[in-house]
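Counting starts at 1 for both ligands and their atoms, following the listed order. In this chain, residues are counted from 1 in sequence order. It should be emphasised that the depicted structure is a prediction, and the values quoted were computed from it without experimental measurement.
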Amino acid sequence: MTDADSAEVVRQRCHDFTVMHTEVPIYARIVAGMAADDDAIALLRHAAKGQARPVLLLAALHELTMRHPETPAAAWFLPGAAGDGDPWPDVRRSVEDHWDELRSVVATRTTQTNEVNRATYVRAMLSRAAADLPDVPLTVVELGASAGFLLGFDGYRVRVGDVTVGPSGSLVECVAENRGAPVRLDLPPIAARVGIDANPVGPHDDAALRWLRACIWPEMPGRLERFDAAVAHLRNDPPHVVRADMVDGLAPVIAERRAAGSHLVVFSSWALTYVARARRTGVADVLAEAATDGPVSWVTAEPPGCVPGLPDQDVLDGDDRLTATVVGARSWRDGREMPAQVWGTVHGHGNWIDFTR
Ligand SMILES: C[S@@+](CC[C@H](N)C(=O)[O-])C[C@H]1O[C@@H](n2cnc3c(N)ncnc32)[C@H](O)[C@@H]1O
């Protein structure tokens with residue numbers, strides 16, 4: 001264990017969580033309990049380097065309650081959980097009863113957010129990328145697709161402001177407020193779609209899906225319900241997700257999967273940011289090469305400064321620099337790269353869209 005994860009540092013991370021996340025009062029009270037409990041801090045310090053954060057133990061506890069609904073902590077982790085009082089005595093009992101299981105999960109897992117509601121901005125991004133080629137079918141490739149939830153974008157009912165698309169009977173409903181210019185959600189036909197992920201999650205990998213679910217905060221209205229609906233959708237119609245590095249694996253996936261005569265649209269949502277900065281230009285190199293065979297667009301929803309060649313610094317000011325998700329595109333037409341475009345910002349979970357330009 002390094003000093004970077006000393007008990008003092010971990011306790012401070014817990015205090016920071018309680019101050020920053022008043023929107024989830026039960027989670028904030030659980031984390032306040034962790035901060036004051038030497039055993040809970042010690043448990044969290046079994047995490048991999050840099051991962052000893054309260055969200056990891058929250059996810060481990062959430063996952064535990066899914067496997068053991070009888071454990072005292074479970075009542076505090078139900079979808080849409082609400083309630084006054086101090087959850088820590090119940091949570092503490094579950095920690096004691098399941099110490100070894102929790103230690104093993106904390107030591108081996110890391111948290112990650114898979115948010116189906118991001119399909120709101122994915123749909124808006126794809127529509128905008130296709131606006132100049134409305135009749136050309138799309139080959140859609142997602143980088144960092146995980147289980148492939150966002151690749152189901154056209155199977156979901158999606159509403160952005162007063163524009164609604166998608167099958168009216170869909171199990172999955174995604175909703176965003178429109179805070180900016182009008183957005184389009186219409187799409188050309190989808191000729192092919194595929195995801196790439198270093199660790200794809202299969203539609204019947206119950207343990208891995210349970211962990212992705214556990215990483216969602218139950219107090220946030222509708223999120224767990226939407227996730228469960230998306231899992232059912234995924235099992236009916238699983239997208240193909242290739243296990244590969246998104247930079248090294250991109251060219252082979254394009255060679256194998258690109259539909260003849262289609263517009264290749266590659267997108268990423270909170271995924272390119274996990275690739276080392278120096279390697280990210282490799283995506284553009286592959287796409288420039290692919291542009292000799294037809295139109296190509298690379299659309300991204302990533303934190304500011306993440307995407308090489310996207311001049312996104314002037315779209316943000318103040319606090320936005322820390323919290324925003326920036327949406328933009330690089331594109332190639334007739335074999336030549338067009339000027340990069342920054343379209344605006346979106347909420348990190350797709351709750352609002354603000355296409356300013
Ligand atoms: C935070 S999740 C985002 C999932 C989804 N795109 C979304 O927005 O809900 C990031 C995903 O990127 C994947 N990933 C990270 N680095 C990768 C790489 N070098 N190549 C392929 N996938 C990678 C992870 O395995 C994970 O599934």
Side-chain angles (χ1 to χ4, degrees), residues 48 51 53 55-56 59 108-126 140-153 155-156 158 172 174 176 193-203 205 207-217 220 222-224 226-231 233-234 238-254 265-286 298-303 306-308 324-327 345-351 353:
Q51 299 296 324
R53 298 176 180 280
V55 288
L56 178 59
T108 54
R109 293 279 194 190
T110 55
T111 55
Q112 63 159 281
T113 301
N114 283 247
E115 179 47 63
V116 181
N117 203 53
R118 290 171 174 161
T120 54
Y121 63 65
V122 168
R123 181 107 198 194
M125 286 172 8
L126 296 180
V140 179
V141 179
E142 182 184 1
L143 307 179
S146 188
F149 291 118
L150 298 184
L151 283 168
F153 55 86
Y156 306 155
V158 174
V172 184
C174 302
R193 84 185 73 204
V194 60
I196 301 176
D197 201 284
N199 287 300
V201 172
D205 187 342
L209 286 168
R210 189 169 56 234
W211 177 250
L212 297 184
R213 187 180 192 274
C215 292
I216 297 172
W217 299 2
M220 300 189 111
R223 288 187 66 196
L224 282 175
R226 188 184 291 111
F227 181 89
D228 292 341
V231 170
H233 186 278
L234 196 73
H240 186 71
V241 181
V242 174
R243 180 184 296 275
D245 173 77
M246 70 172 81
V247 182
D248 298 340
L250 181 56
V253 164
I254 292 171
V265 181
V266 175
F267 81 87
S268 74
S269 157
W270 281 96
L272 187 71
T273 187
Y274 295 99
V275 173
R277 187 168 291 278
R279 298 189 63 234
R280 295 178 197 160
T281 52
V283 174
D285 295 343
V286 171
W298 180 22
V299 293
T300 50
E302 299 285 351
C306 169
V307 182
T325 299
V326 179
V327 179
T345 52
V346 295
H347 180 267
H349 295 162
N351 295 354
I353 292 179

Short N or O contacts of ligand 1 with protein, under 3.5 Å, listed by atom name?
residue  : atom   : partner : partner atom : Å
ligand 1 : 6 (N)  : Glu142  : OE2          : 3.0
ligand 1 : 6 (N)  : Gly144  : O            : 3.0
ligand 1 : 6 (N)  : Ser269  : O            : 3.0
ligand 1 : 8 (O)  : Arg118  : NH1          : 2.7
ligand 1 : 8 (O)  : Ser269  : O            : 3.2
ligand 1 : 8 (O)  : Ser269  : OG           : 2.8
ligand 1 : 9 (O)  : Glu115  : N            : 3.3
ligand 1 : 9 (O)  : Arg118  : NH1          : 3.0
ligand 1 : 19 (N) : Asp245  : OD1          : 2.9
ligand 1 : 20 (N) : Met246  : N            : 2.9
ligand 1 : 22 (N) : Ala198  : N            : 3.0
ligand 1 : 25 (O) : Asp197  : OD1          : 2.7
ligand 1 : 27 (O) : Asp197  : OD1          : 3.3
ligand 1 : 27 (O) : Asp197  : OD2          : 2.7

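Ser146 and Asp197 share no side-chain donor-acceptor pair at under 3.5 Å. For the residue pair Trp270/Thr325, the side-chain donor-acceptor check at 3.5 Å is satisfied.
The shortest side-chain heavy-atom distance between Leu150 and Ser268 does not fall under the 4.5 Å cut-off. Taking the side chain as every heavy atom from C-beta outward, Met246 and Val275 approach each other to under 4.5 Å.
Put simply, the side chain of Trp211 gets close to the backbone of Thr110: a donor and an acceptor are under 3.5 Å apart.
Cation-pi geometry between Arg193 and Phe153 is met: the NZ or CZ atom falls under 6.0 Å from the ring centre, inside 45° of the normal.
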